[in-house]
There are 2 protein chains.
Amino acid sequence: MASGMDDRTTRVLRHIVEDYIATAEPVGSRTISKKMGQSLSPATIRNIMADLEEAGFLAQPHTSAGRVPTGAGFRYYIDHLLARQSLARGEMDQLHRAAGEGNGPADELVRQVSRLLSNLARQASVVVVSSPEQQILSSVSLMRAGVERILLVTVMRGGWVQHRLIEGEPDLTGDELEKFSAYLNELAEGRTLLQLRARILDELGKEKARYDRVMGRALTMSARALTDAAPGEVFIEGRANILEQPEFAEDVHRLKRILRAFEEKSVIFRLLDRAMVSRAIQVSVGIENTVEELPDISVVASGYRQGASSVGSIGLIGPVRMDYSRVIPLVEYAASLLTTMFEDR
Amino acid sequence: MASGMDDRTTRVLRHIVEDYIATAEPVGSRTISKKMGQSLSPATIRNIMADLEEAGFLAQPHTSAGRVPTGAGFRYYIDHLLARQSLARGEMDQLHRAAGEGNGPADELVRQVSRLLSNLARQASVVVVSSPEQQILSSVSLMRAGVERILLVTVMRGGWVQHRLIEGEPDLTGDELEKFSAYLNELAEGRTLLQLRARILDELGKEKARYDRVMGRALTMSARALTDAAPGEVFIEGRANILEQPEFAEDVHRLKRILRAFEEKSVIFRLLDRAMVSRAIQVSVGIENTVEELPDISVVASGYRQGASSVGSIGLIGPVRMDYSRVIPLVEYAASLLTTMFEDR
DNA sequence: AGTTAGCACTCCGGCAAGGAGAGTGCTAAA
DNA sequence: TTTAGCACTCTCCTTGCCGGAGTGCTAACT
């Protein structure tokens, strides 16, 4: 079916999609004829268009409007016709600089890159950070945080920082805390959070007697704190960009839906998690993305890694009518930039 | 001038404001006459309205529409005519519960409360946390964070956590880090961040010789990390609520402006900082708020404290036409709730 | 002197009619 | 197979018109 289209037909489809991306208006046969150097008359184009419509790639808002690409049309365009624009030197530089400025903890870094990505693409940008349970710990520390409260801080390789508050713990002395921090760090050496948790339970069970009361309590406490999994994080930047898109600016209802989704992190998480596992860039067009609340938006996302393991993904969320030829390379570049940045951390 | 209005006039103003708050439509003399139990005829009301317009409290969108309160009108209403609604038992409970769930670090707590506040008020809610430089430290820790990177974690009383990455530091051994953490903690005891910084510099200058090379380097490094002031934080919840307001839903331009402002934290900061210092609740109506980008929005905010010192403020941002009688008590309650929560931290 | 009924006037919003423009599908000819 | 021509359809914009809501003013009433 799809692949059974001749060259001329696909060229027409390509022009229609690109014109539609540029103008957000239904495109007519006349326009396409001109765009193709008048090698074909409008009438011929119309025939081809009729074929494309039958094949499901185009649709007509009403009898005598031009054609608009359907989801399938965009899909085909992305998969087979897309001519990627290469990034401008300046854009790459900007991204690099942004990454350089994100010289705080890791979340600072991804946030900066995400922000710039959203500016360059003029779309809303999203970064998700998967729950860092699988990542290798760099260090652990127990800190006093007020009366009967202790803070367990964990730092992963790459600079992800997490903290959990442990409440209702009768105060340990500073010395005790330090002693126990040191001990925890030993246990944590080269392990993931998950492994550390297991190790702690192990120690606890194995030789309870070996520890004095303080140590035992500290172990129990840490185990407890590490039990509730941290949920992973979502950063959204450039929300206002979606107002730049006429399809949202005009339709308050759609706008509301997507803004609400932005506030519900789990929804965004679901949108991007497919990209997280896969290595290649993922483009979900409209209805394809499995989130039923948002059937009419597209997501372009790519996972980024730290060494061999995926730690999250970065991407753009916007209308189906996106400038994919520009946006796909941008996202790819941003993701690979993050991967590179994490390499030497 | 203003106070020179007789009782009847102010009652009319009150009804106009309240009706306008409820309907978002210009209100006419007929409506007000009915609302006041027909004790006065529409014609009389019209005369009063003309007076109020002359005094600057009302305006007419066009010759034969009803009247709309001006900024000054709202101002007068808020200052003199407002009948506060008391909170429903259920709302107070909900807020309490939200505060209870925020049982992580302090930012978790304020975020929860802010989120619920935004739900109850159906407006966007904002919390700012002032730069915690003035707050008293609870503990400090230096942690390894990858190659040549060290993380300085500071925990304030009340549970505010900050971390700064120190880059390009040749690795210290775990032992050295621990030793120095302990030393730093001693210096920090009962001090604010600012004082700690001063103290460190002091130590450094005073008796350089006393410290071995490692200690010296560690001191320098900490001083450096503590030099760039942390900017303070802004959390915004319930952005989508502003779409519920017809004044924004209809006017894409205003919408865009306010969404952009939400992305520019410094703007939001400026909006709320007045509330931070003052103890009473602050209501800025429209043009009054000093941020020139947003002349047509209102801010209702109140500072919250930790012990004697203000640590930030919580509030709502929305159209000038807000239900102040409901929203003001809500914000007050939320702020006092935060203050209470921080009391026993 | 303050209040009110009455009335003319203004302005908005909705609706229908009409015309221009854009684009289509179909047919017949090249 | 392509294309010119043409009738047709649909949207969108403009225009004109009407009803409704609300005002301001004046004159009468209390």
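Residue numbers begin at 1 in each chain, while the letters A, B, ... track the order of the sequences.
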salt_bridge(Glu18(A), Arg14(A)) N-O dist < 4.0 Å: yes
Salt-bridged, Glu263(A) to Arg239(A), with N to O below 4.0 Å? no
Atom [atom1] of [X] to atom [atom2] of [N]: distance rounded to whole Å?
X: His62(A); N: dC12(D); atom1: NE2; atom2: P; value: 6 Å
X: Leu58(B); N: dG22(D); atom1: CG; atom2: P; value: 15 Å
X: Ile32(A); N: dA22(C); atom1: CD1; atom2: P; value: 16 Å
X: Leu40(A); N: dT2(D); atom1: CG; atom2: P; value: 7 Å
X: Asp6(A); N: dT2(D); atom1: CG; atom2: P; value: 9 Å
X: Ile45(A); N: dA4(D); atom1: CD1; atom2: P; value: 12 Å
X: Ile48(A); N: dT1(D); atom1: CD1; atom2: P; value: 12 Å
X: Asp19(B); N: dG22(D); atom1: CG; atom2: C1'; value: 14 Å

Separation of [Y] [atom2] from [X] [atom1] (nearest 0.5 Å):
X: Ser33(B); Y: Ile48(B); atom1: OG; atom2: CD1; result: 10.0 Å
X: Gln123(B); Y: Met322(B); atom1: CD; atom2: CE; result: 5.0 Å
X: Leu120(A); Y: Leu316(A); atom1: CG; atom2: CG; result: 9.5 Å

Would you check if there is a donor-acceptor pair between the side chains of [Y] and [X] at a distance under 3.5 Å?
X: Ser298(B); Y: Tyr324(B); answer: yes
X: Asp323(B); Y: Ser325(B); answer: yes
X: Arg115(A); Y: Ser125(A); answer: no

N/O contacts under 3.5 Å, protein versus nucleotides 15-20 of chain C?
none

Using a cutoff of under 3.5 Å, can you pull out all pairs of nitrogen or oxygen atoms linking the protein to nucleotides 28-30 of chain C, with atom names and distances?
none

Across all chains, not counting sequence neighbours, the salt bridge (Lys or Arg N to Asp or Glu O under 4.0 Å) partners of Glu247(A) are Arg321(A)
Just jot down the salt bridge (Lys or Arg N to Asp or Glu O under 4.0 Å) partners of Arg122(B), sequence neighbours excluded, or say none. none
Shorter than 3.5 Å, N or O on both sides, protein versus nucleotides 23-27 of chain D: list them out with atom names.
| from | atom 1 | to | atom 2 | distance (Å) |
| --- | --- | --- | --- | --- |
| dT23(D) | OP1 | Ser29(B) | N | 3.4 |
| dT23(D) | OP2 | Ser29(B) | N | 3.3 |
| dT23(D) | OP2 | Ser29(B) | OG | 2.6 |
| dG24(D) | OP1 | Arg67(B) | NH2 | 2.9 |
| dG24(D) | N7 | Arg46(B) | NE | 3.2 |
| dG24(D) | O6 | Arg46(B) | NH2 | 3.2 |

Is there a side-chain contact between Thr44(A) and the phosphate of dT3(D), meaning an N or O under 4.0 Å from OP1 or OP2? yes
Arg8(A) vs dT1(D): side-chain N/O to OP1/OP2 distance below 4.0 Å: no
Pair listing, side-chain hydrogen bond (donor to acceptor under 3.5 Å, both in side chains) test, anchored in residues 42-59 of chain B, at least two apart: Ser29(B)-Arg46(B), Ser41(B)-Thr44(B), Glu53(B)-Gln60(B), Glu53(B)-Arg67(B)
